[in-house]
Amino acid sequence: MVGFKRLVCAAVAMLAMSAPARAEDGFPFGTEMTLEALPQAGSKRIPNIEIGDHGEVVLELWCKGGKGQFSVAGNTVIFVPGQIQDRSCPPARAQADDELVAALSSVETWKRQGDVLTLIGPKPLRFRTTGN
C-alpha cells in the first residue's frame, strides 16, 4: 500500500510541475504573431496575424488584409477566413496571399513551443510571437 501511495504522490507532483509549462504552451489567444518567412522581393512586409481572446483574427498578408476566426479544441484547430480585402496587389503578392489563406484554411492541428506556434496541415506554417 505504501508503494501505491508513493506512486500517486509522485504522479500528482509531476502533474503539478507540468501545469505551468502547459499554460505557457497553450493556444496564443490575445497575441500578435509574425509568419516565419522572408520578405518578398521589393518589400519588407511579412505576414502577421493578431489573434483575439476569442479566436477572432486580423490578417495582414503580403499585400492583402482581412479577418478570420480560429476555433480550437484541444490540439485541433480550424481557421475560417472572413472578408479579405484586395488592395490592388501585384499579381505575385496576390497569389502568395491567396496561397497563405488557403494554407491557413487547411490546418488541422497546432503545437506551441515557447513563442513559436506551428499550424499543422498540408503546408505547416510557423508563427513567432511579435516582440514589443
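Side chains are part of it too, since the values below use all heavy atoms of this structure and drop only hydrogens, waters and symmetry mates.
With a 4.5 Å cut-off on side-chain heavy atoms, D115 and T31 do not count as touching. Using a 4.5 Å heavy-atom cutoff, the side chains of V101 and K64 are not in contact. The side-chain heavy atoms of T34 and R128, taken from C-beta on, include no pair separated by under 4.5 Å. For the pair P47 and L100, the minimum side-chain heavy-atom distance is below 4.5 Å.
Summarising the geometry of L119 relative to F127, their closest heavy-atom pair is CD1-CE1, 3.9 Å, with the distance given to 0.1 Å. The minimum heavy-atom distance between V72 and W110, with the atom names listed, is CG1-NE1, 3.5 Å. The shortest non-hydrogen separation linking A41 to R93 is O-NH2, 3.1 Å. Closest approach of E60 to G65, counting heavy atoms only: OE1-CA, 4.4 Å. Taking every heavy atom of both residues into account, D53 and G30 meet most closely at OD1-CA, 3.3 Å. L117 and P28 make their closest contact through CD2-CG, 3.8 Å (heavy atoms, listed as atom of the first residue, atom of the second, distance).
A single hydrophobic cluster is seen to contain both L61 and V57, as judged by linkage of ILVMFWY side chains at heavy-atom distances under 4.5 Å, directly or through other members. Note on V58 and I49: separate hydrophobic clusters, where clusters join Ile, Leu, Val, Met, Phe, Trp and Tyr whose side-chain heavy atoms are under 4.5 Å apart, directly or indirectly. Clustering ILVMFWY residues whenever any of their side-chain heavy atoms sit less than 4.5 angstrom apart, transitively, puts M33 in the very cluster that holds F29. I120 and F70 are members of different hydrophobic clusters when ILVMFWY side chains are connected at heavy-atom separations under 4.5 Å. One hydrophobic cluster, built from ILVMFWY side chains closer than 4.5 Å, holds both F27 and L125.
The main-chain N or O of H54 is found under 3.5 Å from a side-chain atom of Q69 such that the two form a donor-acceptor pair.
Considering SG of C63 and CD of Q95, their distance stands at 13.5 Å, rounded to 0.5 Å. A distance of 12.0 Å separates OG1 of T129 from CG of N48, quoted to the nearest 0.5 Å. Taken to the nearest 0.5 Å, the OG1 atom of T130 stands 9.0 Å off from the CD atom of E50. In this structure, CD1 in I51 is found 9.5 Å from CZ in F79, a value given to the nearest 0.5 Å. Within the model, atoms CD of E108 and CG of N75 stand 10.5 Å from one another, a figure rounded to the nearest 0.5 Å.
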